[in-house]
**Q** 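Below is the structure I would like to discuss, written out as structure tokens.
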Amino acid sequence: MSSSRRVKQKLVERRKEPQPRGNGCEAAEEEETVYEQLLSLLGPKKRKTKSLNKRRKDHGSRRLPSADETLPLADKHEPLTDQSQPIPSDERTECEGGKTGGICDGVEGDGEIGDGESGDGGDSDGDESETETKANGDPFRLHFDHLLTSDEMSLLSSSSPSLLPSHSPTLGLVTHIPGIPGSELAVSQHPVSLSQLGIKPKLCHNWTANSPAASELTDIQRHLFPIIASYKDLLFSHRTVENSEELRRLYVLHILNHVLKTTSRILKNNHKLLQASKEGRHIEEPRDQGLTRPKVLILLPFRHSALQVVESLTSLLLPPGQGVVHNQRRFRREYGAEDPAGQRVVPKPSSFTALFSGNTDDCFKVGVAIRGRMVRLFADFYSSDIILASPLGLRTIIGADGDKKRDYDFLSSVEILVLDQTDVFLMQNWEHVTHVLNHLHLKPREAHGVDFSRVRLWVLNEWSKSYRQTIVLSSFLTPEINSIFTTYCFNYVGGARCDGGREEGSVGQVARQLPQMFARLSPSVSPSQLPDHRMKHFSSQVLPSYRGDLMKGTVIFIPSYFDFVRVRNLMKKEELSIAALSEYTTTSGVTRARTQFYQGVTHFLLYTERAHFFHRYRLKGVRHVVFYSIPTYPEHYSDLVNMVECEEGSVEVLYSEWDQLALRRVVGRARAQRMMTSSDSTHMIVTGHQTKT
């Protein structure tokens with residue numbers, strides 16, 4: 001029998017010996033620790049004793065969990081993971097990072113679970129953070145410890161809050177949406193340091209070490225973070241290539257702070273309950289959990305976006321050379337850049353290059369679990385703290401009514417929802433976004449091992465949506481994006497909508513001096529009747545004027561694919577010479593359509609906005625451009641107008657009273673206001689001159 005096996009056998013025999021009886025305190029004092037039992041069995045002169053002493057010195061005097069203890073929110077369900085690729089056998093226990101050991105894919109090693117010596121899952125500096133924010137109150141505690149009353153919930157669901165607009169030089173027009181009376185948190189609007197906003201000192205240190213700016217916060221971060229740190233909803237509509245990294249690091253910092261504080265509270269309460277049980281005292285069960293474990297949901301358009309979020313997360317959580325990241329190699333392989341041979345060689349705009357520079361797969365989902373200085377990627381959803389996913393990736397799990405295999409219970413206790421690059425979702429499938437939002441905070445169909453005595457009361461009351469914070473980042477505003485705020489946000493502390501869009505519009509980027517006619521549809525109709533009204537106006541007023549030979553080389557730009565199908569069927573029925581380019585056209589079909597249009601074989605070219613968004617084709621032979629409706633992206637307008645190759649060319653744009661936001665992005669805020677309120681329905685713009693009516 002080996003030495004280690006004999007030690008284990010003696011340890012088991014000693015545990016079976018009767019223990020002295022008495023009160024709880026005496027039993028706790030006389031009970032030997034696991035370390036002392038091992039030390040007495042090995043003997044003081046054994047070489048292993050020196051190793052145990054060193055390990056105890058490194059890890060502190062943290063008590064090891066007993067056999068009857070369980071981790072909070074234990075995983076008692078069938079795993080739900082991203083099965084896009086099987087895990088190779090050589091990576092199933094992979095640990096990468098500055099430290100070895102730890103917990104690799106569910107196998108416990110000699111590493112530590114907590115952060116530092118406290119063993120509290122990342123809150124060794126929690127008391128210091130709490131002391132710094134005690135004067136104003138910790139936003140985390142104030143927001144989630146407050147229990148709404150039935151009257152407050154009725155007021156929140158029935159009243160229409162009065163909007164409070166203001167102007168900021170950095171954020172532009174800021175519209176504040178107040179919450180229920182008395183819900184405003186005392187958060188400094190001009191913080192000097194992150195610690196004033198309740199951020200844990202460990203995160204503050206890592207933020208400063210990795211910050212490219214000379215100060216802790218940049219100008220835009222300094223104005224936005226007080227809103228985010230107070231757990232208010234935020235709709236920011238001026239996300240650009242230049243500020244994308246600032247915004248990403250900002251919400252990742254807030255998410256990590258929230259996850260660490262949530263985990264710290266659960267583990268500290270576990271310790272209090274254990275101590276009370278040993279001492280024979282009865283204390284009230286703490287309310288510190290939800291129905292399921294995932295607390296943060298981040299919706300992203302591409303895998304490359306998820307890679308950037310994970311890189312920001314690990315850089316802020318783990319100091320250089322420390323910590324463990326599980327399955328990092330697999331994650332980089334599946335979410336990293338595509339094969340260089342498949343990269344595009346045709347020069348594209350900088351915004352296009354930044355958006356499509358990496359892996360552009362839009363169907364993905366990955367769970368992230370955080371244990372102190374350990375980050376585990378591809379964790380089971382019900383064992384994850386953060387879920388990164390695309391709307392399509394979650395749609396494949398959520399399913400639809402009538403599907404036999406579907407699951408959405410992991411969305412029942414989401415406390416922070418982030419939608420980054422929300423404008424890109426419009427070019428994918430907006431229905432997937434609304435489908436995911438409709439399945440938030442629904443009653444779980446299974447218990448998933450939850451301890452209901454620890455569940456917060458407002459969760460049991462099905463009021464979770466009123467505590468959820470929603471952060472929406474977009475390049476511009478649309479009615480669909482606005483509907484997220486008006487339809488799916490019920491935060492009891494209110495929110496803020498920041499509209500910092502450009503004032504001049506993309507018409508200023510047109511290089512040619514071309515007459516650009518904007519025709520407003522009349523009379524006014526409801527949004528549901530607008531597609532038929534627009535189609536009738538196009539077929540009777542616009543299309544006949546472009547049939548002649550002089551109008552050959554006309555591109556009809558159509559933002560909606562459904563409108564594209566209707567126009568294509570109409571022109572085929574009238575036997576007009578057309579070529580069509582859409583997001584579903586094959587590569588050979590694209591080449592054939594572009595060639596026929598350039599050579600004059602076809603009179604019209606139908607071109608969808610999604611095809612231009614994903615490919616940015618450079619069309620040749622363009623003489624006239626007709627915009628069936630205003631493009632969603634303002635740069636698409638200037639792209640198409642700059643393709644006109646002759647001085648006799650023309651541009652015509654159809655718009656309605658419901659296109660005010662899109663019109664403002666193209667012609668500018670002030671000019672759009674005049675065009676919408678004018679009694680004339682036709683407006684002429686010549687590049688470089690004032691508006692002609």
Side-chain angles (χ1 to χ4, degrees), residues 58 95-102 111-118 120-133 138-140 188 190-226 228-229 242-264 296 298 305-326 328 331-332 368-377 385-386 388 416 418 420:
D58 293 339
C95 292
E96 297 185 16
K99 298 176 66 176
T100 57
E112 54 186 339
I113 299 176
D115 178 19
E117 297 181 356
S118 63
D120 57 3
D123 196 37
S124 59
D125 47 20
D127 296 337
E128 180 183 352
S129 176
E130 293 170 10
T131 302
E132 293 179 357
T133 58
D138 185 4
F140 172 81
S188 175
H190 301 285
V192 179
S193 63
L194 291 174
S195 59
Q196 292 181 343
L197 298 173
I199 303 302
K200 298 174 71 63
K202 178 182 67 175
L203 296 177
C204 293
H205 178 269
N206 294 342
W207 173 277
T208 305
N210 293 283
S211 178
S215 59
E216 271 192 343
L217 299 171
T218 63
D219 192 30
I220 190 172
Q221 290 172 342
R222 189 177 297 106
H223 285 80
L224 283 180
F225 203 38
I228 296 177
E242 292 75 19
N243 63 22
S244 59
E245 180 64 19
E246 300 176 56
L247 297 174
R248 184 184 307 112
R249 294 184 74 240
L250 192 65
Y251 72 70
V252 168
L253 174 66
H254 176 60
I255 287 171
L256 286 176
N257 189 64
H258 177 79
V259 170
L260 292 181
K261 288 190 174 184
T262 301
T263 305
S264 171
V296 179
I298 306 177
S305 305
L307 175 63
Q308 293 175 325
V309 171
V310 171
E311 289 176 346
S312 298
L313 187 148
T314 53
S315 65
L316 289 176
L317 182 65
L318 307 178
Q322 301 183 28
V324 180
V325 180
H326 298 271
Q328 188 178 45
F331 182 78
R332 291 191 176 277
V368 180
I370 297 176
R371 303 289 187 278
R373 292 187 183 141
M374 184 272 287
V375 177
R376 182 181 178 187
L377 305 174
D385 300 293
I386 304 171
L388 306 174
I416 299 179
V418 178
D420 198 359

**Q** Side chain to side chain donor-acceptor pair (under 3.5 Å): which pairs involve residues 310-319, sequence neighbours left out?
**A**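 Found E311-R332.
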**Q** Measure across A229 and P139 and return the closest heavy-atom pair with its distance rounded to 0.1 Å.
**A**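 Heavy atoms of A229 and P139 come nearest at O-CB, 3.1 Å.
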**Q** Could you give the distance from CG (L388) to CZ (F331), rounded to the nearest 0.5 Å?
**A**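 Answer rounded to 0.5 Å: 6.5 Å.
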**Q** Can you measure from CG (N257) to CD1 (I416) and round to the nearest 0.5 angstrom?
**A**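 Atom-to-atom, N257:CG and I416:CD1 are 9.0 Å apart.
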**Q** With sequence neighbours left out, what residues match D420 under salt bridge (charged side-chain N to carboxylate O under 4.0 Å, His left out)?
**A**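 For D420, the residues satisfying salt bridge (charged side-chain N to carboxylate O under 4.0 Å, His left out) (neighbours in sequence not counted) are R239.
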**Q** Among residues at least two apart in sequence or on other chains, which ones pass side chain to side chain donor-acceptor pair (under 3.5 Å) with N206?
**A**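 With neighbours one apart ignored, the set is empty.
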**Q** State, yes or no, whether a side-chain contact exists between L253 and I199 at a heavy-atom distance under 4.5 Å.
**A**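 A side-chain contact under 4.5 Å exists here.
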**Q** Under 3.5 Å, side chain of H254 to main-chain N/O of L250, donor-acceptor pair present?
**A**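 Pair absent, no side-chain N/O of H254 close to backbone of L250.
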**Q** Please evaluate residues L224 and E246 with respect to the criterion side-chain contact (heavy atoms from CB on, under 4.5 Å), reporting the C-alpha separation (whole Å), side-chain torsions for both, the decisive distance (0.1 Å), and the verdict.
**A** CA-CA 11 Å; L224 283 180; E246 300 176 56; over 6 Å; no
**Q** List in chain and number order the residues that pass ring pair (Phe, Tyr, Trp, His ring centres under 6.0 Å) with H258, two or more places apart in sequence or in another chain; answer none if no residue qualifies.
**A**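 By the ring pair (Phe, Tyr, Trp, His ring centres under 6.0 Å) rule, H258 matches F140, F144, Y231.
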**Q** Could you tell me whether the side chain of R222 and the main chain of L217 form a donor-acceptor pair under 3.5 Å?
**A**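 Side chain of R222 to backbone of L217: a pair is present.
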**Q** Are the side chains of V309 and V418 in contact, using a 4.5 Å heavy-atom criterion?
**A**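 Answer no - side chains too far apart.
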**Q** Output yes when R371 and D385 qualify as a salt bridge under the 4.0 Å nitrogen-oxygen rule, no when they do not.
**A**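 The answer is yes: the pair qualifies as a salt bridge.
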**Q** Would you say L317 and K202 make side-chain contact, with heavy atoms under 4.5 Å?
**A**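 Answer yes - side chains close enough.
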**Q** Excluding sequence neighbours, so at least two apart, what forms side-chain contact (heavy atoms from CB on, under 4.5 Å) with L318?
**A**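 Residues passing side-chain contact (heavy atoms from CB on, under 4.5 Å) with L318: V325, R373, V375.
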**Q** Mind checking what makes side chain to side chain donor-acceptor pair (under 3.5 Å) contact with Q221, not counting sequence neighbours?
**A**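 Partners of Q221 by the side chain to side chain donor-acceptor pair (under 3.5 Å) criterion, ordered by chain and then number, come out as T218.
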**Q** Kindly give the heavy-atom pair with the smallest separation between I386 and L313, and that separation in Å.
**A**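 Heavy-atom minimum between the residues: CD1-CD1, 3.7 Å.
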